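Data first, discussion second: the structure below is written as C-alpha cells.
Just so it is clear: chains get the letters A, B, ... in the order the sequence lines come, proteins before strands, and each one is counted from 1. Only a predicted model underlies this, so the values are computations on that prediction, with no experimental measurement involved.
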Amino acid sequence: MRTPTGDVQVEITVKGGRLVDVTALQLPDGDGHSRRISEIVSPKLHDDAIQAGSARIHGVSGATYTSMGYARSLQSALDQVGV
Amino acid sequence: MAVRRVEELMGTVASLDVRDAQVRPDVLDEAFAWLHEVDRRFSPYKEDSEVSRFGRGELSSDDASAELREVLRLCEDLRIRSDGAFDATRWRADGRPDPTGLVKGWAVERAALILDDGDLRSWCLNVGGDVMARGGPEPGAPWRVGIRHPDDATATASVVGVRDLAVATSGGYERGDHIIDGRTGLAVAGDVRSVTVVGPSMTLADGYATAAFVMGREGVRWVSGIAGYGAAAITADGRIVSSPVYQALVLRADGGAGGTPAG
C-alpha cells in the first residue's frame with residue numbers, strides 16, 4: 001500500500017496453525033534513503049523457544065555469561081553432547 | 001573427525017567445535033593461549049593487568065601496548081559511528097576510556113585469525129556468547145546458532161544459519177549487567193531485552209550489538225544501514241524486530257532458511 005512517504009508492504013503469514021503477523025516497513029531516514037526493517041509479531045515467543053531442542057543447534061549467542069552462568073546454559077549442554 | 005575444546009577464561013567459557021579432517025593441536029593451543037593472554041593483559045578484575053594499570057593512570061596512552069592502543073582506537077571509532085551511544089569514556093567515573101566493551105569480540109577475531117592461519121576451515125568458536133562461525137559443520141551447511149531466550153538460559157528465541165559470520169548479542173539479563181548509554185551516562189532502560197548482530201567482523205558485531213542495545217528498537221534500523229550487518233532485537237513483550245540481513249539467515253523449524261525469526 002502507498003503512503004505519502006513511501007511504500008508500506010504488509011504481509012500476513014499463517015504457519016502451522018499459528019498466526020504470525022509480519023509488517024514490513026520502508027521508512028525514509030534523514031538522507032531520504034529507505035531503510036527496510038521488519039517487525040515480526042510473535043505472540044508465542046515462549047512456545048518457539050520450547051521447540052529449540054529440535055533445532056539441533058551447534059552454539060548459542062547471548063549476553064556474556066559468567067562461568068557459573070555457562071554451567072546453567074544451553075551452550076554447556078551442547079558442549080557436553082558428543083558431536 | 002571433530003574436536004571440541006572448552007576452557008574457562010576471561011571470566012567466562014570458550015567453546016570451540018572443529019570439524020576439519022586434519023586438526024593440528026598446536027593451532028588450537030595457540031588460539032587458546034591467545035585468549036588466556038588477553039585475560040591476563042585486559043581483565044579489569046586483575047589488578048596488575050594493562051587495562052587496570054591504564055585505568056589507574058599508571059600507564060599512559062603512549063606507553064600502552066600496540067594492542068591496547070588498537071582496542072582504544074576501535075572504541076573511539078565506534079563512539080563516533082554510534083553517535084555516542086557506545087562511549088568507552090562513560091564507564092569510569094574519571095572518564096578514562098574503558099575498553100572492556102570491545103575486548104572480547106576483538107580477542108575472538110584475533111583467535112579466528114590464528115585458526116585460519118592454521119589452515120582450519122570448519123569451526124565454530126563461542127567465547128561467552130560471542131560466536132564466530134567459519135565454514136560449516138558439513139560441506140555446504142551452515143553452523144546453527146541459537147539466540148539465547150531472555151528469560152531462559154536453556155532456551156533459544158531464534159536460530160540463524162551462518163557461514164563465515166560472527167554473531168554477537170548484547171543484553172541486560174546476565175550478570176545483573178548495566179550497559180551504560182554513552183549519551184546519558186546512565187544505565188540503559190527500555191523495552192529491549194537483547195540485540196543480536198550478525199556480520200563478517202566479530203569485533204564490529206560485538207560493538208554494534210552493544211551500541212544497538214543502547215539505542216533500543218532504533219538500534220536495529222541503525223545496524224541495517226551498515227553494509228553486511230544485520231540485527232534482531234527481542235522486546236519485553238516477546239516480539240523480534242529484525243532487519244532483512246538477519247531475516248535471510250533465520251532457520252525455519254523445518255530446517256529451511258530465510259524466515260520469520262519466531263517461525
* Identify which of A:Gly62, A:Gly59, A:Ser61, A:Ser67 forms the greatest number of heavy-atom pairs closer than 4.5 Å to chain B. => A:Ser61
* To do: Before accepting this row, confirm whether a basic side-chain N of the pair B:Arg4/B:Asp17 lies closer than 4.0 Å to the acidic partner's carboxylate O.
  => yes
* Structure fact -> Looking only at A:Arg72, A:Met68, A:Gln75, the option with the highest number of non-hydrogen pairs under 4.5 Å against chain B is A:Gln75
* Spacing of CZ belonging to B:Arg221 relative to CE belonging to B:Met215, to within rounding of 0.5 Å -> 12.0 Å
* To do: Would you check if there is a donor-acceptor pair between the side chains of A:Thr64 and B:Glu174 at a distance under 3.5 Å?
  => no
* Between B:Val167, B:Val160, B:Leu9, which has the largest tally of heavy atom pairs under 4.5 Å with chain A? -> B:Val167
* **Max heavy-atom pair count under 4.5 Å with chain A, selected residue of B:Cys124, B:Pro137, B:Ser170, B:Ser194** => B:Pro137
* Rounded to the nearest 0.5 Å, how far does OG1 of B:Thr12 lie from CG of B:Leu35? -> 11.0 Å
* **Interchain contact, A:Tyr70 with chain B, by part (heavy-atom threshold 4.5 Å)** => side chain
* Asked: Which residue out of B:Val13, B:Val131, B:Val145 racks up the most heavy-atom pairs below 4.5 Å with chain A?
  -> B:Val13
* Provide the closest heavy-atom pair for B:Tyr246 versus B:Ser242 in the form atom of the first, atom of the second, distance. => CD2-CB, 3.9 Å
* **B:Asp206 and B:Lys104 ion-paired at < 4.0 Å** => no
* Asked: Which bit of B:Ala168 comes within less than 4.5 Å of chain A, counting heavy atoms only: side chain, backbone, both or neither?
  -> backbone
